[in-house]
Amino acid sequence: MGFLEKISKPQDLRALSSSQMKELAQEIRDFLVEHVSATGGHLGPNLGVVELTLGIHRVFDSPRDSVIFDTGHQSYVHKLVTGRQNFDTLRQKGGLSGYPERAESEHDIVESSHASSSLSWADGISRAHQLNGESDRYTIAVIGDGALTGGMAWEAVNNIAADKDRRVVIVVNDNGRSYAPTVGGFANHMAELQLELQKRLDEVRLDRRYDRALDSGKNILQNSGHVGKAVYRGLHGMKAGIKDMVVPNGLFEDLGMKYVGPIDGHDQEAVEKALKAAKKFAGPVIVHAITEKGRGYAPARADEDDQFHAVGKIDPQTGKPLGASSGQSWTGIFAQEIKEIADERPDIVGVTGAMMIPVGLKPMQQAHPNRVIDVGIAEQHAIAMSAGLAFGGQHPVVALYATFLNRGFDQLLMDVALHKAGVTIVLDRSGVTGPDGASHHGMWDLSLLQFIPGLHLAAPRDAATLREELREAVAVNDAPTVVRYPKGTVGEDIPAIERWEDGADLLACTGEADAQTGQRDVLLVAVGAMAPLALGVAEKLAEAGVTSTVVDPRWVMPVPGSVVKAAQNHRIVVVLEDGIRAGGVGSRIRQEMRSAGVDTALNEIGLPAEFIKHASREQIFEETGLTVEKITADTLAQLSGEMVPYAREKGEAPKNAH
C-alpha cells in the first residue's frame with residue numbers, strides 16, 4: 001500500500017517525513033499519468049504543482065484556511081489529498097469535475113475556471129475574515145499558467161497590498177518557459193548563487209523586526225533636517241538598486257507586498273520553508289515558485305506546444321493519442337481559411353488571448369508573425385485594442401473560446417459596436433462543450449449578442465459555410481461581425497437546395513404544400529451546427545405525414561427577412577439552437593415576426609438558462625431535449641393542439657400579415 005492511499009484529508013500529510021513526501025510526490029505523478037491518460041484532462045499543469053499543493057496543505061489548514069486555484073484545472077493534486085481519489089470517471093457524467101466543485105468537497109471554493117479571478121476572491125475572502133474578527137485565518141491563492149497577464153489580477157493585488165495585516169499568501173506558479181535558465185555553466189552558476197542569496201534575503205525580509213527597524217531608521221533620518229533626509233534618500237536608493245539586482249520581480253514590492261523567491265517549486269523543503277515564512281509574516285506575501293509544466297513525464301516535457309496542457313485519451317507510455325478522429329475539426333477549418341485570407345489581405349490581423357494553438361491562429365502566425373498578436377489572458381484588452389486596430393485601417397480577427405467572450409462584452413458593446421468598428425470575432429467551442437462543464441460551455445453568446453446594435457452574427461453549419469461566412473465577415477468594415485462554431489469534428493457538408501435572395505439557405509422541403517393555400521406544416525430554423533438535427537426531425541415528421549421546410553439563416557443576426565416571410569406560410573415555426581433559449585435566436589425571430597405582423601406560433605428549442613454540469617455533448621443534448629425523438633414528439637403534439645405553443649389550424653390563413 002502506497003502513501004497516497006493512506007491520505008484521506010490534508011492533515012494526514014503532516015505525519016510524513018521528508019523522504020516519504022518525495023515518495024508521495026512520485027506516486028501522485030504516476031497516478032495522474034495513469035488515470036488522466038485514460039480519461040483525458042489537464043495533465044501537464046497538474047504534474048507541475050505536486051510539491052506546491054502538498055506544501056500548501058502541510059503548512060496551512062484547509063478548509064479553515066481558504067485555498068483558491070486560479071484556472072482551476074491545476075487542482076487535481078488538491079483533489080487527491082482532500083479525499084477524492086476515484087479518477088476513473090474524471091470529467092465524465094457523474095464523475096469528478098475537472099475543476100474545483102463545491103458539491104464535491106468543503107475544500108473547494110471557486111468553481112469558475114476563468115483565469116485571473118482568484119486574487120479578487122482572495123481579496124474578498126480575506127476582508128470577510130477581518131470583518132468577522134477571524135484574524136487568524138489565511139487565504140491562499142495559487143495563480144499561474146499565465147493568469148497574471150490578466151488585468152483583473154493586478155487590480156486585486158493593488159487592493160490586497162493596501163492592507164499590511166491581511167493574511168493573504170499569493171503563490172505564483174511560474175511554469176512559463178521565459179523563466180528557463182540560460183544554457184551554459186556560467187549561467188547555471190549565477191542562478192545557483194542568486195537562489196542562495198535570495199533564501200538568505202527572504203529570511204531577513206519576512207521578519208517583522210526588519211520592517212520595524214526600517215521604519216525606525218526612516219523616521220529618525222527624515223526628522224533630522226536636510227542632511228538626514230538626504231542620507232535617507234541615498235540609502236533608500238541603494239537598497240532599491242541592490243534589491244532589483246537580486247530580486248527578479250521587484251514590481252510586487254513596489255506595490256507594497258512582501259516578495260519571496262524565486263524558489264524551486266519542486267523542492268519540497270524549500271516550498272514549505274517559504275510558505276512557513278509567509279505564514280509567520282501574517283501579512284500579504286507573494287511566494288514565487290519556478291515549476292515545470294509536465295514535470296516527471298517525458299512525453300509532456302518533450303511537447304513543445306504546451307507540455308500536455310490538456311490531453312484526450314493517450315497511451316501513458318508514449319503520450320500518443322488513442323482513437324484520434326480522422327475528420328477535420330472546426331478549429332482546423334478556421335485555421336486553414338484565416339491563413340489563406342491573411343495571405344490575400346495584408347490588413348488582416350489575428351488576435352488571441354494566450355491561446356494561439358487552441359483557437360487555430362498558429363498557421364497564420366507562422367506565415368505572418370508580425371500580424372498575429374497574443375495579448376495574454378486579457379480578453380477585455382484584446383477587443384478594445386482591436387477597435388483601435390480597425391480605426392488605424394486594419395481588420396482584426398479576434399479568436400476566442402465562446403465562454404471567454406463574456407469577459408470582453410463591455411468592450412464589444414462600447415468600444416467596437418458603438419464606434420462601428422470593422423472587427424471580426426471568431427467564437428470557438430460555442431454551445432455545449434461537454435466534459436469541461438459549466439464554466440466552459442459556450443452557451444451564452446447567442447443571447448449576449450442579440451441586442452448589440454449593428455452586430456452581424458453568423459453560425460456556419462459545416463466546413464463550406466464556415467469558410468464562406470468567415471470571408472463574408474471580414475468583408476464588413478463598418479460593424480462588428482461574429483462567426484461561431486462548436487467544438488469537435490466537422491461533419492459532411494450539407495448542400496443547400498436553394499439560396500434565398502438575402503442569403504438564407506433552404507436545406508429541405510418534405511411533402512407537398514397545401515394545393516389551395518400553399519401552406520406547409522412546420523418551418524424548422526436550424527442555427528449553425530443544429531442543421532443535422534433539424535434535418536433528422538424533418539425526416540421523422542415526414543414519416544408521420546407532416547410537411548416541413550428546413551432553413552439555415554446562415555446569418556442569424558440580423559434576422560433574414562426571408563425567414564420571417566416563410567413563417568407566414570407554415571402552421572408553426574420551430575427554432576433549434578445550441579445556446580440558451582432565453583433571449584436567443586428563437587426569441588429574436590419571434591420579435592421580428594411580431595413586428596412584421598406574423599402571428600404564426602413559434603417554439604424555441606435550445607438549452608435551459610442553467611449551469612450545466614460536465615458530461616458528453618450527446619448526454620447533455622439528451623438531458624435537455626435536443627434530440628430528434630423529443631423534438632418530433634413535441635412538434636406533433638403542438639400540431640394536434642395538445643401542447644403549447646398551439647400550431648395554426650390546417651388551412652387557416654395567417655392574420656394581419658404585411
inquiry  = Parallel, tilted or perpendicular, judged at 30° and 60°: which one describes the rings of Y99 and H73?
reply    = perpendicular

key: Check: E269/S18 side-chain N/O donor and acceptor closer than 3.5 Å   = yes

ask   = salt bridge (Lys or Arg N to Asp or Glu O under 4.0 Å) with D578: which residues, sequence neighbours excluded?
value = R484, R617

key: Spacing of L466 atom CG and D493 atom CG [to the nearest 0.5 Å]   = 10.0 Å

message = When you compare the side chains of T352 and D374, does any donor N or O come within less than 3.5 Å of an acceptor on the partner?
response = no

ask   = Does a side-chain N-to-carboxylate-O contact under 4.0 Å join E340 and R467?
value = no

ask   = When you check the side-chain N and O atoms of D65 and S62, is any donor under 3.5 Å from an acceptor?
value = no

task = Verify the distance criterion only: is there a donor paired with an acceptor across the side chains of E292 and N175 at less than 3.5 Å?
result = no

Within 6.0 angstrom of K313 NZ, more than 12 heavy atoms from elsewhere = no

task = Return yes if a side-chain donor-acceptor contact under 3.5 Å exists between H614 and D436, otherwise no.
result = no

task = Taking side chain to side chain donor-acceptor pair (under 3.5 Å) as the test, write out the residues that go with S105, two or more places apart.
result = none

Partners meeting side chain to side chain donor-acceptor pair (under 3.5 Å) with S118 (sequence neighbours left out) = D70

ask   = With no hydrogens and no angle check, do the side chains of S17 and S19 hold a donor and an acceptor under 3.5 Å apart?
value = yes

inquiry  = We want to know whether E623 and Q619 form a side-chain donor-acceptor pair, criterion being a heavy-atom distance below 3.5 angstrom.
reply    = no

Test item: side-chain donor near acceptor, D108 and H78, under 3.5 Å = yes

message = Under 4.0 Å between a side-chain nitrogen and a carboxylate oxygen: does that hold for R29 and E51?
response = yes

